[in-house]
2 protein chains.
Amino acid sequence: MGKTPPGRTRERVFRFVRQRLLSGQPPTVREVQAQFGFLSTQTAREHLERLVRDGRLRKEPGQARGYRLPGSEFGGGGRSGRGPPLKGPPLKMVPILGQVQAGVPITAVEDLEGYVPIEDSSTSSGELFGLRVRGESMRDAGILPGDLAIVRQQSTARSGEIVVALLGDEATVKTFVRARVKTHRGARIELHPAHPDFAVIVPDPDSEDFHLLGRVIEIRRRL
Amino acid sequence: MGKTPPGRTRERVFRFVRQRLLSGQPPTVREVQAQFGFLSTQTAREHLERLVRDGRLRKEPGQARGYRLPGSEFGGGGRSGRGPPLKGPPLKMVPILGQVQAGVPITAVEDLEGYVPIEDSSTSSGELFGLRVRGESMRDAGILPGDLAIVRQQSTARSGEIVVALLGDEATVKTFVRARVKTHRGARIELHPAHPDFAVIVPDPDSEDFHLLGRVIEIRRRL
DNA sequence: TCTCATACCGTACAAATGTCTGGCATGGGT
DNA sequence: ACCCATGCCAGACATTTGTACGGTATGAGA
């Protein structure tokens with residue numbers, strides 16, 4: 001193997017490693033070596049280490065297939081042993097629920113559409129689930145029918161947050177508002193649509209027909 | 001470690017391995033061992049091998065971190081046939097680009113914000129990347145400033161598709177339209193905003209200042 | 001010329017990791 | 001009782017893989 005222009009080969013090495021990492025199969029040093037026909041593992045290693053020094057790759061020293069992409073911190077499972085320092089993966093598979101019912105733990109719901117991957121670095125303990133948006137009532141907030149709402153289960157919310165509430169047996173996405181009302185002791189709850197044709201809903205917080213399912217933390221739309 | 005109900009532990013092992021694979025980090029036998037507190041690597045191995053025999057996992061014998069999800073070569077996907085209905089979507093980590101330039105291969109861009117996980121079952125060969133949306137010009141299509149657009153690199157598009165185009169050195173998200181014009185031979189290209197205050201853009205397809213970067217396949221908004 | 005950096009090769013060694021052989025205990029069935 | 005499958009442990013061995021130390025050759029500058 002002769003020499004190649006400076007940086008030329010390294011660029012190709014990066015692409016190769018990157019492709020492998022993106023598809024879930026971290027390469028070994030020797031796989032990189034073979035891919036480019038290097039006659040020495042050291043050559044591959046030098047390229048890799050250089051990419052790490054340049055911040056284009058990250059690595060877990062000593063681990064087999066230890067090269068990673070920078071940016072998102074993947075990691076091993078929740079650590080319990082003393083082994084290498086690995087972090088918990090912020091990546092989760094979130095179930096998309098076909099229908100929601102009050103009081104039914106989402107983990108027990110069988111009627112699900114599938115799973116979507118989501119990065120969840122938050123430490124909040126609420127379970128996550130996905131819900132398909134129906135209706136135009138949040139149109140002006142950029143939430144359209146068919147969108148997938150990622151919801152964190154919680155029974156309270158702050159004013160202005162977009163939430164999923166269960167009214168009767170219907171799940172609905174609205175902006176949660178605590179309105180100060182002088183006539184009452186305390187505040188009252190309102191569910192605001194984001195569309196001129198829809199009216200504000202004022203549920204009775206104590207009613208059996210009203211349940212706050214959680215807060216919408218992300219909207220996804222497939223085109 | 002005492003005994004546990006039949007299959008109980010194996011189910012947990014499977015979930016652990018699956019989670020790791022989905023996040024791009026195949027576990028070692030010993031990592032599984034540590035995760036569940038087994039005192040022997042063999043115990044972990046037996047669970048893993050059993051999962052392979054049951055078709056729930058696949059493996060590359062002899063390779064370090066050689067366990068895979070069945071179906072596809074990568075993160076998972078496809079069906080495996082037997083066993084519980086567990087499909088693993090083909091999962092990739094997609095780079096979020098801070099800025100885009102014409103002619104620069106996305107793999108060479110260093111200025112990236114991070115990576116997001118995305119399911120890509122399509123067989124299209126175009127590379128994927130993420131781009132932060134700026135401006136209000138697509139507001140009425142439910143695409144707001146700060147949204148993350150997932151883009152598949154391609155140099156052509158069909159009329160009506162939402163695309164990312166490079167005008168000069170500015171990347172912009174618009175609806176791609178092929179307008180039939182009688183005066184010309186062939187059609188002309190238009191980039192339509194989705195906001196009354198913005199005007200249709202009619203780029204010169206042959207200009208150096210116009211490049212079609214790709215098609216928007218998904219919109220994500222963090223709330 | 002001399003240094004220095006880049007690009008590559010050769011050959012090891014040691015750690016990480018996959019694999020194997022043998023054993024123990026429990027429970028279900030015959 | 002016997003057989004057999006399951007769940008687990010113990011201790012090794014062999015391969016894969018990361019890492020280290022040293023070498024050759026070329027080109028850019030000082």
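Computed from heavy atoms alone, side chains included, the values below leave out hydrogens, waters and symmetry copies. Quick note on labels: first sequence line is chain A, next is B, and so on, each numbered from 1.
The side chain of B:K59 places an N or O atom within less than 4.0 Å of a non-bridging phosphate oxygen (OP1 or OP2) of C:dT19. The shortest distance between the side-chain N/O atoms of A:R50 and the OP1/OP2 oxygens of C:dT6 is below 4.0 Å.
Residues passing the salt bridge (Lys or Arg N to Asp or Glu O under 4.0 Å) test with A:R53: none are found, sequence neighbours excluded. Annotation: ring pair (Phe, Tyr, Trp, His ring centres under 6.0 Å) contacts of A:F16 (sequence neighbours excluded): A:F36.
Whole-Å rounding puts the A:R53 CZ to C:dA7 C1' distance at 14 Å. In this structure, the CG atom of A:L51 is 14 Å from the C1' atom of C:dA7, given to the nearest Å. B:L39 places its CG atom 17 Å from the P atom of C:dC24, with the value rounded to the nearest Å. Between the CD atom of B:E11 and the P atom of D:dG7 there is a distance of 12 Å, given to the nearest Å.
Side chain A:R30 to base D:dG18: a donor-acceptor pair is found below 3.5 Å.
B:R8 comes within contact range of no nucleotide atom at all, as no heavy-atom separation falls under 4.0 Å. Residue-level contact check: A:R10 touches the backbone only, with heavy atoms under 4.0 Å from sugar-phosphate atoms and none from bases.
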Under 3.5 Å, which N/O atoms of the protein pair with N/O atoms of nucleotides 20-22 of chain C?
from   : atom 1 : to    : atom 2 : distance (Å)
C:dC20 : OP2    : B:R45 : NH2    : 3.2
C:dC20 : N4     : B:Q42 : OE1    : 3.1

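For the residue pair A:Q25 / B:R65, no side-chain donor-acceptor distance below 3.5 Å is found, with atom types taken as modelled.
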